[in-house]
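So that the names make sense, note that chain A is the first sequence line, chain B the second, and so on, each numbered from 1.
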2 protein chains.
Amino acid sequence: MSGKNNRDRVAALAGVSSATVSRVYNSPERVSAVKREAVLRAARELGYSPDKSASALRRKGTGQITLVSFEKKGRTWYWGDFPVAKWFFTDVLSGVLSVVESSMFRLNLKTLKSPEELKDIPWEQISDGVLFYDVDTEEEAAAAAALPVPSIISHHTAAYVNNHRCCTDNRAGGQIAADHLKENSFDRPVYISYLQDLNSPNSQRYKGFCEGFDKEVPLHLTEPGKEGGYAVCETLIPHIKKGAIDSVGVVNDMTAIGVIQCLQNHGLTPGKDLALIGYDNMPFNYALPFRLTTVDLQPSLIYREAMTMLLEILSSGGGKAEFRSKVVLPRLVKGDSV
Amino acid sequence: MSGKNNRDRVAALAGVSSATVSRVYNSPERVSAVKREAVLRAARELGYSPDKSASALRRKGTGQITLVSFEKKGRTWYWGDFPVAKWFFTDVLSGVLSVVESSMFRLNLKTLKSPEELKDIPWEQISDGVLFYDVDTEEEAAAAAALPVPSIISHHTAAYVNNHRCCTDNRAGGQIAADHLKENSFDRPVYISYLQDLNSPNSQRYKGFCEGFDKEVPLHLTEPGKEGGYAVCETLIPHIKKGAIDSVGVVNDMTAIGVIQCLQNHGLTPGKDLALIGYDNMPFNYALPFRLTTVDLQPSLIYREAMTMLLEILSSGGGKAEFRSKVVLPRLVKGDSV
DNA sequence: CTGTTAGCGCCTTCAC
DNA sequence: GTGAAGGCGCTAACAG
């Protein structure tokens with residue numbers, strides 16, 4: 001008795017104590033089937049559902065999961081000057097939310113300038129678990145692993161074996177691009193990229209592309225962004241015109257934009273005079289006079305899986321004894337350019 | 001005294017009662033500057049920050065603010081087929097978060113297919129207040145007003161006087177576009193749009209454009225999307241070539257893309273042969289060979305203000321007695337096309 | 001303006 | 001397997 005809140009009314013209606021009501025929602029297996037049913041029936045009748053704030057307070061947790069992203073201002077080699085994270089991020093969010101909403105947790109968003117800022121945050125006070133968006137450096141991975149609460153990193157994270165992680169497979173993506181060209185009988189390809197080190201996503205994409213063609217595809221390195229794509233394409237024009245090159249794989253759509261503009265300025269049409277395939281499935285393809293064939297990371301799917309993993313980790317005590325890993329494969333998005 | 005938690009330690013260190021600590025975070029204006037400073041200093045020293053779950057519990061609310069957006073699948077006339085909400089929305093989020101994070105509330109996201117779904121949600125159980133994203137129909141505004149918790153709508157919402165609202169001013173935006181053309185000595189403008197009714201954002205933009213030029217600017221209506229822009233531009237080409245038209249205002253960047261592609265196919269260059277100004281400051285301008293001059297809604301700013309208003313409404317009891325309204329003016333983003 | 005006091009709804013011992 | 005009781009950190013009266 002005592003209380004006069006909904007829960008006590010449920011308890012009274014079900015003929016049990018409020019402690020039993022609590023148990024029904026937290027460890028149902030410890031309650032006899034009869035009383036459990038009675039409680040659930042009473043709850044339904046009274047429209048009762050447990051208060052998450054009170055629960056979190058008493059449990060001394062936060063009831064929150066945080067999705068962390070870094071600004072990565074300096075990363076011109078990757079996104080160029082284009083604020084593309086803006087678009088990509090929304091896909092990510094929808095994936096994450098679809099999982100969190102049906103859990104005991106709520107989602108919390110945080111954007112940081114650098115991994116160092118992680119240290120200044122009282123994680124235990126604001127979050128029970130953290131999902132890191134777009135981790136792709138050792139530094140970030142290490143910082144994530146050092147948090148005082150469980151965490152998982154995505155999506156270019158296959159290499160970071162000391163974290164829980166959910167990743168894409170850039171090599172597979174490169175191969176998918178090559179396979180598509182081969183299936184359409186192109187056999188004189190080149191690849192345009194700007195590599196960093198050998199394990200970078202860009203290098204992996206090229207590697208996969210070569211594997212798809214089963215040979216060392218000629219590689220043309222350039223600067224990041226559409227300017228780089230334009231510049232390197234200039235040097236290829238003569239070979240394209242004489243048919244020595246019939247197809248081009250590009251490290252990302254960003255760079256492909258430059259290639260396209262160069263082709264157009266030389267009177268060439270992608271999809272007609274040259275097969276062209278990008279990577280990342282950027283929405284700004286809308287601004288092109290045709291659809292660019294590209295490879296999609298499926299960000300929404302990756303992050304849905306990542307969040308699912310995080311919840312599993314939390315419910316199993318958050319131990320780091322064994323790091324979990326999962327891979328989500330990219331997929332081809334057919335356009336008009338191949 | 002009594003308690004042994006962080007907050008009581010902050011109170012002790014600052015030489016005040018714990019209630020005063022609470023006031024510093026909830027209604028700082030009610031605390032003398034001296035004690036306020038003392039509390040904040042003590043809090044910093046002890047690494048204290050208020051527990052949002054406890055706050056929500058005591059306050060008998062959920063501690064959550066929900067940001068609701070509708071899918072608006074049918075709205076091809078507005079966004080075309082382009083998933084532009086994806087990037088726009090992230091700007092919105094950053095604005096909203098900047099305010100929520102320093103409040104006692106947390107942010108909650110929800111995407112619904114239609115206003116009808118609003119009725120199926122037990123709002124009191126999940127949210128203390130709701131911010132509606134991108135409301136632009138009577139139906140949505142009415143549905144928002146009917147919620148059992150306080151709400152505010154943005155951003156094409158100037159016309160909905162029965163809601164709390166934070167809006168852009170499309171007429172001012174149109175005028176900004178016209179002014180910019182005039183300042184650069186263009187005096188033979190036309191305007192391209194697809195109007196709906198007279199109070200629609202599109203109509204307002206046109207109206208403002210005319211006001212800027214102080215005359216009825218020739219209006220060319222077309223279909224939505226870049227296809228529409230392309231088609232209507234075809235009909236204008238002769239007049240542009242003979243100089244009867246020296247500048248074009250376009251209802252949005254989306255449509256402007258079509259205009260640009262048409263101009264290019266006719267050997268004309270925006271910014272050289274014709275002044276061109278869009279609206280919305282879309283990021284896909286990156287895919288163009290130049291920067292499109294455009295008008296920016298400043299979504300991040302609008303939604304920062306909207307959230308600030310909502311918090312004020314909540315702290316003042318959430319009454320609807322008097323509906324609050326605020327306008328955030330758009331701004332010109334100078335590119336290479338004017 | 002400031003302090004005191006009484007719970008908010010829940011979970012977790014601790015008995016039984 | 002179940003009930004009783006204490007208290008998580010905070011805020012809303014109410015006094016002063």
Side-chain angles (χ1 to χ4, degrees), chain A residues 1-39 42-43 46-64 104 122 124-126 128, chain B residues 1-39 42-43 46-64 103-106 124-126 128 311 314-318:
Chain A
M1 38 163 57
S2 79
K4 56 233 163 284
N5 58 51
N6 258 327
R7 199 190 47 170
D8 292 327
R9 292 178 54 212
V10 169
L13 181 55
V16 302
S17 75
S18 68
T20 297
V21 176
S22 178
R23 287 193 190 99
V24 167
Y25 287 93
N26 293 292
S27 41
E29 71 284 359
R30 292 188 173 193
V31 180
S32 67
V34 186
K35 299 211 170 185
R36 193 167 49 215
E37 291 307 319
V39 166
L46 295 172
Y48 166 83
S49 71
D51 181 313
K52 293 194 182 190
S53 296
S55 166
L57 173 60
R58 182 55 235 247
R59 179 180 271 137
K60 304 197 106 182
T62 63
Q64 300 269 121
M104 282 279 300
E124 295 99 329
Q125 279 179 46
I126 68 163
D128 296 335
Chain B
M1 39 164 56
S2 80
K4 57 236 162 282
N5 58 51
N6 258 327
R7 206 195 38 175
D8 291 325
R9 292 178 53 212
V10 170
L13 181 55
V16 302
S17 74
S18 70
T20 296
V21 176
S22 178
R23 287 192 193 98
V24 167
Y25 288 92
N26 292 291
S27 40
E29 70 283 0
R30 293 188 174 194
V31 179
S32 68
V34 186
K35 298 212 169 183
R36 192 168 49 216
E37 292 307 319
V39 167
L46 296 171
Y48 166 81
S49 73
D51 181 315
K52 299 196 182 195
S53 295
S55 166
L57 173 60
R58 182 56 237 253
R59 182 181 266 133
K60 302 192 102 179
T62 63
Q64 303 270 119
S103 81
M104 288 306 276
F105 294 92
R106 292 156 165 165
E124 295 99 328
Q125 281 179 45
I126 68 161
D128 295 335
L311 292 180
L314 289 180
S315 73
S316 71

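Rounded to whole Å, the distance from CD on Gln125(B) to P on dG9(C) is 13 Å. Asp8(A) has its CG atom 11 Å from the P atom of dA4(D), to the nearest Å. A straight line from CZ of Arg9(B) to C1' of dC10(D) spans 17 Å, rounded to a whole angstrom. The nearest whole Å value for the distance from the CG atom in Asp51(B) to the P atom in dC10(D) is 6 Å. The interatomic distance linking Met104(B) (CE) with dC8(C) (C1') rounds to 14 Å, in whole Å. What separates CZ of Arg30(A) from C1' of dC11(C) is a distance of 12 Å, to the nearest Å.
At least one side-chain nitrogen or oxygen of Ser55(A) sits closer than 4.0 Å to the OP1 or OP2 atom of dC11(C).
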Listing time: all N or O pairs from protein to nucleotides 12-16 of chain C that are below 3.5 Å?
none

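The side chain of Pro50(A) lies closest to dC10(C) when the candidates are dC10(C), dC8(C), dG3(C). Candidate nucleotides dC10(C), dC10(D), dA4(D) were compared by shortest atom distance to the side chain of Arg7(B), and dC10(D) ranks first. Closest to the side chain of Tyr48(A), from the set dC10(C), dG3(C), dC8(D), is dC10(C).
The nearest heavy atom of DNA chain C to Lys60(B) and to Val16(B) marks one nucleotide each, and the one closer to the 5' end goes with Val16(B).
Proximity of residues 31-38 of chain A to DNA chain D (heavy atom under 4.0 angstrom from any strand atom) is restricted to Val31(A), Ser32(A), Lys35(A).
Using a 4.0 Å heavy-atom distance criterion, Tyr25(B) is classed as making no nucleic acid contact. Looking at heavy-atom distances under 4.0 Å, Val21(B) makes no contact with the nucleic acid at all.
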Sequence neighbours excluded and cut-off under 3.5 Å, please list the side-chain donor-acceptor pairs for residues 51-62 of chain B, or say none.
| residue | atom | partner | partner atom | Å |
| --- | --- | --- | --- | --- |
| Asp51(B) | OD1 | Ser53(B) | N | 2.7 |
| Asp51(B) | OD1 | Ala54(B) | N | 3.0 |
| Lys52(B) | NZ | Ser103(B) | O | 2.9 |
| Lys52(B) | NZ | Phe105(B) | O | 3.0 |
| Ser55(B) | OG | Arg59(B) | NH1 | 2.9 |
| Arg59(B) | NH2 | Asn26(B) | OD1 | 3.2 |
| Thr62(B) | OG1 | Gln64(B) | N | 3.1 |
| Thr62(B) | OG1 | Ser127(B) | N | 3.4 |
| Thr62(B) | OG1 | Asp128(B) | N | 3.2 |
| Thr62(B) | OG1 | Asp128(B) | OD1 | 3.1 |

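The nearest pair of heavy atoms linking Gly47(A) to Gln125(B) is O-NE2, 3.8 Å.
The distance from the CZ atom of Arg7(A) to the OG atom of Ser17(A) is 8.5 Å, given to the nearest 0.5 Å.
Looking at heavy atoms from C-beta onward, Arg36(A) lies out of side-chain contact with Val39(A) at the 4.5 angstrom threshold.
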